[in-house]
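Start at 1 and go down the list; that is how both ligands and their atoms are numbered. Quick note: numbers below take in every heavy atom, side chains included, and nothing from hydrogens, waters or symmetry partners.
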Amino acid sequence: MDKIPQRCTAQVVEICALTHDVKEIHLKLIDPPELHFLAGQYITIEVTEMKDGHPRLNNRPYSIVSSPNEKGVMRLCTNRVGATGPGSSYLHALKQGDIFTFFSPIGYFTVNNQGATSLLFVATGTGIAPIKSMIHHLLETSSQRPITLYWGLRTEEDLYYQDELHAWANHYPFFQFVTTLSQPTPKWKGSCGRVTALLSQALERPEGQSHPGHPLQLDHLDAYLCGNGEMIREVRTLLLAKGMSKKSIHFEKFY
Ligand SMILES: Cc1cc2nc3c(=O)[nH]c(=O)nc-3n(C[C@H](O)[C@H](O)[C@H](O)COP(=O)(O)OP(=O)(O)OC[C@H]3O[C@@H](n4cnc5c(N)ncnc54)[C@H](O)[C@@H]3O)c2cc1C
């Protein structure tokens with residue numbers, strides 16, 4: 001059971017523009033000075049939004065992108081949604097030195113340590129946030145479970161975290177990833193198309209050879225999907241049709 005979320009404060013120590021519309025917000029915890037959370041969990045912020053012409057207090061969840069091993073600090077990764085979305089507008093207006101109030105981490109989108117040995121992660125957009133935290137934590141704890149990540153973005157302009165993921169893949173032979181662009185320019189040499197299509201092709205190959213190289217054996221796999229609802233629906237349908245059980249497919253729908 002989740003604990004009742006506590007009101008917490010932190011200070012914004014750095015803002016990194018990862019792309020034209022994605023920012024990483026680095027927070028130093030003030031109260032409490034340390035927080036225990038599981039990789040994949042999210043914090044919640046309160047925003048005021050207009051409903052039927054009246055201002056109303058509402059919540060917006062944001063996943064923690066940093067690893068739980070980083071004590072006293074926390075990072076969020078957020079994209080700008082339109083011009084008026086109250087949650088993303090608030091986060092994107094934060095400046096270094098600002099005090100940030102939020103509710104302590106909760107959520108069940110976390111790695112099942114009693115589950116299958118191999119792990120498949122599929123993300124679209126900032127759906128990478130909880131997944132990066134999970135993978136980072138798994139690599140740090142030297143679990144050595146084979147990890148495959150499929151990440152879908154739109155264009156070259158939307159790419160981020162690529163150097164870090166490459167460094168992980170070079171260092172840890174059991175981790176591999178592919179970033180695929182749905183609308184690349186002709187110059188793009190990497191994978192093209194939507195993650196669902198790429199995953200579907202990988203599962204059609206003999207011996208379940210996945211695109212990056214590890215065999216994807218569905219009977220020994222736990223899948224974690226995060227991002228937009230359409231991708232989650234499609235990938236879930238695909239994995240179920242291939243015989244994966246419902247309980248092996250975990251997901252967090254952002255919108
Ligand atoms: C458990 C959970 C964790 C989340 N973690 C993150 C995170 O780590 N980083 C992050 O950026 N977002 C995350 N989100 C989404 C976030 O909570 C907000 O929904 C998002 O920031 C939009 O809020 P808003 O108030 O700016 O806009 P709203 O006014 O609430 O939304 C405007 C419209 O944008 C759509 N929308 C919502 N999110 C997105 C998106 N990411 N891209 C495109 N369209 C979208 C909605 O369907 C809605 O129609 C998470 C959502 C959930 C449920």
Side-chain angles (χ1 to χ4, degrees), residues 2-3 5 8 10 12 15-27 35 37-68 70 73-94 100-111 121-137 149 151-155 157-161 164 181-183 194-195 224-234 236 249-255:
D2 275 332
K3 288 189 230 139
C8 305
V12 178
I15 310 259
C16 298
L18 299 178
T19 71
H20 58 105
D21 72 346
V22 179
K23 284 186 176 176
E24 196 180 75
I25 298 161
H26 298 213
L27 302 166
L35 268 175
F37 68 93
L38 300 173
Q41 289 190 311
Y42 59 87
I43 55 124
T44 308
I45 63 169
E46 270 180 346
V47 296
T48 306
E49 64 179 334
M50 296 303 286
K51 203 112 201 182
D52 307 322
H54 299 286
R56 191 174 297 169
L57 214 52
N58 221 326
N59 288 338
R60 291 288 184 279
Y62 291 94
S63 305
I64 302 163
V65 68
S66 46
S67 159
E70 296 174 44
V73 295
M74 194 176 267
R75 282 178 281 122
L76 306 175
C77 161
T78 167
N79 69 319
R80 186 75 200 252
V81 177
T84 54
S88 61
S89 299
Y90 168 73
L91 290 177
H92 278 245
L94 284 172
F100 177 78
T101 307
F102 61 98
F103 289 98
S104 52
I106 52 170
Y108 297 103
F109 185 60
T110 56
V111 175
F121 293 96
V122 186
T124 51
T126 48
I128 194 67
I131 285 180
K132 186 163 181 272
S133 177
M134 290 173 180
I135 294 175
H136 194 173
H137 192 242
L149 164 66
W151 185 13
L153 292 167
R154 208 163 284 158
T155 71
E157 281 194 336
D158 300 317
L159 289 165
Y160 54 103
Y161 291 152
E164 205 172 345
L181 300 182
S182 58
Q183 294 165 29
R194 295 165 67 220
V195 271
Y224 294 83
L225 326 175
C226 186
N228 71 69
E230 193 185 338
M231 177 281 282
I232 290 172
R233 219 171 22 254
E234 288 176 2
R236 209 166 160 260
I249 308 172
H250 315 261
F251 55 92
E252 187 95 280
K253 179 173 164 272
F254 274 12
Y255 65 98

May I ask you to identify, for [X], whether its side chain, its backbone, both or neither come under 4.0 Å of ligand 1 on a heavy-atom basis?
X	result
Cys77	backbone
Tyr62	both
Glu49	neither

Near Ala129, which atoms of ligand 1 are under 4.0 Å from a heavy atom of that residue?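 The list of qualifying atoms is 8 (O).
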With a cut-off of 4.0 Å, which atoms of ligand 1 are near a heavy atom of Glu252?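 Listed by number with element, the hits are 1 (C).
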Is the backbone N or O of [Y] less than 3.5 Å from a side-chain atom of [X], with the two atoms forming a donor-acceptor pair by type?
X	Y	result
Thr124	Asn228	yes
His92	Thr78	yes
Lys132	Val65	no
Gln41	Leu38	yes
Thr44	Phe103	no
Arg233	Arg236	no

Is there a protein heavy atom less than 4.0 Å away from atom 3 (C) of ligand 1?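 Protein heavy atom within 4.0 Å of atom 3 (C) of ligand 1: present.
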Scan the protein's non-hydrogen atoms and note whether one is under 4.0 Å from atom 49 (O) of ligand 1.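 No, there is none.
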Using a 4.5 Å cut-off on heavy atoms from C-beta on, say whether the side chain of Ile45 contacts that of Asn59.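 No, side chains not in contact.
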Do Phe254 and Ser63 have side chains that get closer than 4.5 Å, going by heavy atoms?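 Answer yes - side chains close enough.
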Taking N or O atoms only and a 3.5 Å limit, does [X] qualify as a polar contact for ligand 1?
X	result
Phe254	no
Val81	no
Ser89	no
Arg60	yes

Consider ligand 1: state whether an atom of it lies below 4.0 angstrom from any non-hydrogen atom of [X].
X	answer
Arg80	no
Asn79	yes
Pro86	yes

Looking only at non-hydrogen atoms, which of Tyr255, Tyr42, Tyr90 approaches atom 43 (C) of ligand 1 most closely?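 Among Tyr255, Tyr42, Tyr90, the closest heavy atom to atom 43 (C) of ligand 1 belongs to Tyr255.
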How are the rings of Tyr160 and Trp151 set relative to one another: parallel (under 30°), tilted (30 to 60°) or perpendicular (over 60°)?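 Perpendicular, since the angle between the ring planes exceeds 60°.
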